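Below is one structure, written out as structure tokens, with a few remarks after it.
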Amino acid sequence: MILWCTSSFQRRGHFIHLRDYGVMHQPGGWRMRQRIKEVLEGILKDYGESVDFKVTRPEDREFGDYTTNLPFLLAKSLKRNPVEIGEEIAKKIRIEGLEVTPVRGFINFRISKGVLQNNLLKAIEEGYGKGEGKGIKINVEFVSANPTGPLHLASARAAAFGDTLVRLLRYKGYTAESEYYVNDAGKQIDNLALSVDARIKEIEGEEYSIPEDGYHGAYIRDIARSAVETDIKEFDELKSFSVDYILNMQKETLKRFRVEFDRFVSEKWIRESGRIQRVIDGLKKAGKTFEKDKALWYRGERDRVLVKSDGEFTYIVPDIAYHTYKFERGFDLVIDLLGPDHIAHVPDLKRALTDLGYPGDSVELIIIQWVHLLKQGKLLKMSKRAGEFVTMDELIDEVGVDPVRFFMLMIKASSPLEFDIELAKKQTTENPVYYVQYSHARICSLLDHAENEGYRDLTPEGFENLNLGEEIEILREIYHFPEFLEDVAESRDLHLIPRFLMELSSLYHNFYQKYRIVGGEKEKVVPRLFLSMAVKNLVKTGLDLMGVSTPERM
RNA sequence: GCGCCUGUAGCUCAACAGGAUAGAGCAGCGGAUUUCUAAUCCGCUGGUUGGGGGUUCGAGUCCUCCCAGGCGCGCCA
């Protein structure tokens with residue numbers, strides 16, 4: 001059996017040869033949490049009770065790998081002392097490789113060293129922590145900025161989050177597709193084309209005026225110039241020309257940012273597809289509409305207009321139609337990443353979808369809060385119309401893709417993010433991005449060194465020698481990685497990924513600083529190299545998911 | 001006015017469907033390198049979780065009132 005490793009071993013054509021040692025195929029493995037749950041469920045049955053207990057990782061690592069609050073909950077219904085119950089239950093639990101300790105009403109579980117050590121061999125494989133196929137199709141829509149200008153900061157955050165979410169969902173075995181909704185119809189597109197038209201007139205020396213709600217950015221002149229060269233005449237033509245131009249600009253920016261969408265869906269196309277009428281008809285048929293003041297209304301908690309008195313649709317109609325298109329394609333779950341200004345209409349959207357016979361509850365909303373840009377402690381105001389705003393490109397130019405993606409993901413999506421541009425730039429030494437990347441580069445360098453010292457065909461044995469406190473702590477993090485990713489994928493709390501990597505890197509840097517690996521205790525050299533490879537694999541996996549690069553030298 | 005979100009160390013943020021002594025990073029102070037990368041490591045300092053009341057074995061987390069900030073509340077998107 002040959003295992004590859006993304007280290008220098010692989011670069012130079014050396015491979016680690018592994019015979020089949022059996023440990024690879026141990027059943028169960030890191031599914032320990034699930035097994036604990038099952039065993040506890042069984043015991044709960046003996047008591048004839050049913051409570052909603054949980055098995056979690058305690059914050060304080062002193063308490064072990066898992067803990068449960070079951071005794072407290074049971075104490076309530078049984079009217080008994082939780083401490084007693086804890087001791088009683090703990091005695092009944094027998095899981096191999098797991099030490100069970102009742103402590104003041106909690107039951108704590110500690111994974112044995114042997115299990116942690118054996119797990120190491122799995123952890124150096126590519127795809128460690130990957131989930132099995134789930135048979136669930138998920139659509140993730142994000143960015144979806146109006147095609148009227150360059151992408152700005154909020155889009156950068158949405159792009160980083162959405163892209164990482166898709167990567168993570170795929171890694172955990174879901175079928176996930178990324179999607180961008182292009183609002184290429186409606187009044188703002190008319191304004192765009194009118195603005196471009198004005199600049200065309202300017203170029204041609206004619207009299208011109210920018211419309212009141214027009215766009216003033218420099219890119220409008222670029223489009224005008226290009227339109228003149230291409231000899232665009234018709235207004236409709238100019239509209240689609242302008243939209244295409246800007247959409248391509250946006251795509252370029254996204255590409256730089258390492259984000260590529262699976263699909264772009266045009267609002268114009270949705271409108272022309274006949275789905276609009278089907279939505280209107282469907283809602284009428286469901287008896288959810290009424291007419292008032294020559295307009296068609298949708299009855300909800302707050303009534304909304306669907307068709308204006310002039311016959312135009314309000315934006316919610318194509319929005320509903322668009323979502324029916326998502327469900328038509330067989331997605332089990334539809335995730336929308338939206339800014340805080342768009343929250344309000346989601347309940348109506350869900351209700352309308354349900355009224356139309358679609359699973360409206362399968363629309364999940366994730367709010368991506370605003371990004372405030374701080375420069376020298378001052379908040380920069382952004383106005384798209386006035387053309388004064390920091391674009392995503394400018395931010396990338398200034399700070400670099402890696403720090404931007406890392407910083408955008410570091411904070412919970414639902415919290416506003418204060419992005420201090422000076423700090424992100426200045427922080428070359430204290431920057432957490434480099435801190436994490438450095439652990440990767442450091443290990444690459446270590447492996448190079450090891451190779452030069454003659455450590456080539458490594459045999460994975462002697463893992464039982466990894467028994468120092470520092471070594472065990474690292475093995476523990478490695479062990480929990482798959483479950484950790486599982487939790488993150490389900491909770492969508494992506495900010496935990498950079499945090500995990502910082503913690504892991506910290507443990508490793510600490511260990512590295514304290515102990516000599518290659519020149520150190522002989523029986524520990526090879527096991528420690530494996531330990532390092534596993535850490536590197538985790539860091540690489542995590543940074544890959546975040547779309548952050550993993551340099552081998554720094 | 002009504003609704004939603006936020007308020008945690010000097011700063012930026014964590015705390016996983018209420019759980020154990022509220023944790024990191026940065027900043028500040030003091031130390032560590034003849035060594036596989038010092039972009040590193042170790043130690044110290046730092047808190048009435050905006051405030052009051054309530055729910056219970058247990059509250060940063062849930063309820064309620066108040067204070068401060070943000071965002072929504074169109075036949076705009």
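Computed from a prediction, not measured in an experiment: that's the story for all the values here. Computation of the quantities below employed the complete heavy-atom set of this structure, encompassing side-chain atoms and omitting hydrogens, waters and symmetry-equivalent molecules. Note on naming: letters A, B, ... go to the chains in the order of the sequence lines (proteins, then strands), and numbering restarts at 1 for each one.
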Length of the line joining A:Ile367:CD1 and B:rG70:C1', which is rounded to integer Å: 13 Å
Between A:Tyr180 and A:Gln250, a side-chain donor and acceptor under 3.5 Å: yes
Spacing of A:Glu212 atom CD relative to B:rC76 atom P, expressed in whole Å: 16 Å
B:rA20 and B:rG58, which share atom name C1', separated by this distance in whole Å: 10 Å
Phosphate contact (B:rC42 OP1 or OP2) by A:Asn510 side-chain N/O below 4.0 Å: yes
Touch class at under 4.0 angstrom, heavy-atom based, for A:Pro340 against every strand present: sugar-phosphate
OP1 or OP2 of B:rC76 under 4.0 Å from side-chain N/O of A:Lys308: yes
A:His509, nearest nucleotide to its side chain (from B:rC41, B:rA77, B:rA20): B:rC41
Side chain to side chain, A:Asp213 and A:Leu194, heavy atoms closer than 4.5 Å: no
Selected nucleotide, minimal atom distance to A:Pro58 side chain, candidates B:rA39, B:rA20, B:rU12: B:rA20
Under 3.5 Å donor-acceptor pair, A:Asn108 side-chain atoms to B:rA20 base atoms: yes
Touch class at under 4.0 angstrom, heavy-atom based, for A:Ala441 against every strand present: base
From CA spacing to verdict: side chain to side chain contact (heavy atoms under 4.5 Å, CB included), A:Ile189, A:Lys239: CA-CA 7 Å; A:Ile189 300 301; A:Lys239 281 208 281 193; 3.7 Å; yes
Sugar-phosphate, base or nothing in reach of A:Arg516, heavy atoms under 4.0 Å: base
A:Asp319 side chain reached by A:Tyr181 side chain, heavy atoms, under 4.5 Å: yes
Sugar-phosphate only, base, or nothing, as touched by A:Asp293 at under 4.0 Å among non-hydrogen atoms: base
Whole-angstrom distance between B:rU12 and B:rA27, as gauged at atom P: 15 Å
Which residue lies more 5' along RNA chain B, comparing A:Val307 with A:Gln369 via nearest heavy atoms: A:Gln369
Sugar-phosphate only, base, or nothing, as touched by A:Ala344 at under 4.0 Å among non-hydrogen atoms: sugar-phosphate
Watson-Crick or G-U wobble mate for B:rC44, both contacts under 3.5 Å: B:rG28
Interatomic distance at P, B:rU61 relative to B:rU55, whole Å: 15 Å
Whole angstrom value for the distance that separates P of B:rA22 from CG of A:Asp60: 11 Å
A:Phe484 and A:Phe500 aromatic ring geometry - parallel, tilted or perpendicular at 30°/60° bounds: parallel
Pi stacking test for A:Trp370 and B:rG70: under 5.5 Å apart, planes under 30°: no
Shortest side-chain distance from A:Tyr435, nucleotide among B:rC16, B:rA14, B:rU40: B:rU40
A:Ser414 (side chain) and B:rC5 (base): donor-acceptor pair under 3.5 Å: no
Phosphate OP1/OP2 of B:rA38: any A:Arg442 side-chain N/O under 4.0 Å: yes
Side-chain donor-acceptor pair present, A:Glu523, A:Asn465, cut-off under 3.5 Å: no
Distance test, side-chain N/O of A:His495 to OP1/OP2 of B:rA15, below 4.0 Å: yes
Any A:Lys54 side-chain nitrogen or oxygen under 4.0 Å from OP1 or OP2 of B:rG19: yes
Sugar-phosphate, base or nothing in reach of A:Lys412, heavy atoms under 4.0 Å: sugar-phosphate
Sugar-phosphate, base or nothing in reach of A:Asp319, heavy atoms under 4.0 Å: nothing
Watson-Crick or G-U counterpart of B:rA77, or none if no pair lies under 3.5 Å: none
Atom pair distance, as rounded to whole Å: NZ in A:Lys292 and P in B:rC75: 9 Å
Euclidean distance, atom CG of residue A:Asp341 to atom P of B:rG72 [Å, nearest integer]: 6 Å
Check: A:Phe63 ring centroid to A:Phe106 ring centroid under 6.0 Å: no
Closest nucleotide among B:rA77, B:rA17, B:rA20 to the A:Arg104 side chain: B:rA20
Pair assignment for B:rG60, Watson-Crick or G-U wobble, requiring both distances under 3.5 Å: none
B:rA38 - base-pair partner by Watson-Crick or wobble geometry, distances under 3.5 Å: none
Paired nucleotide for B:rA15 [Watson-Crick or G-U wobble; both distances under 3.5 Å]: none
Presence of donor-acceptor pair under 3.5 Å, side chain of A:Tyr434 and base of B:rA39: no
Integer angstrom distance from the C1' of B:rC67 to that of B:rG18: 25 Å
Most 5' of A:Asn183 and A:Pro416 on RNA chain B, judged by nearest nucleotide: A:Pro416
d(CD1, A:Ile517; C1', B:rC41) in whole Å: 14 Å
Touch class at under 4.0 angstrom, heavy-atom based, for A:Lys79 against every strand present: nothing
Ring centre gap for A:Tyr66 and A:His480 strictly below 6.0 Å: yes
Test item: side-chain donor near acceptor, A:Ser273 and A:Tyr325, under 3.5 Å: no
Short side-chain N/O contact from A:Tyr515 to OP1 or OP2 of B:rU40, under 4.0 Å: no
Residue matched to B:rC4 through Watson-Crick or wobble contacts both under 3.5 angstrom: B:rG70
Presence of A:Ser415 side-chain N/O under 4.0 Å of B:rA14 phosphate oxygens OP1/OP2: yes
Length of the CD1-C1' vector between A:Ile368 and B:rC5, whole Å: 14 Å
hbond_proxy A:Glu418 side chain to B:rU12 base (donor-acceptor, 3.5 Å cutoff): no
pi-stack flag for A:Phe106 and B:rA20, centroid dist under 5.5 Å, interplanar under 30°: yes
Sugar-phosphate only, base, or nothing, as touched by A:Leu446 at under 4.0 Å among non-hydrogen atoms: base
Base B:rA77 to side chain A:Thr314, donor-acceptor N/O within 3.5 Å cut-off: no
Nucleotide B:rA77, atom P - distance to CD of A:Glu267 in whole Å: 9 Å
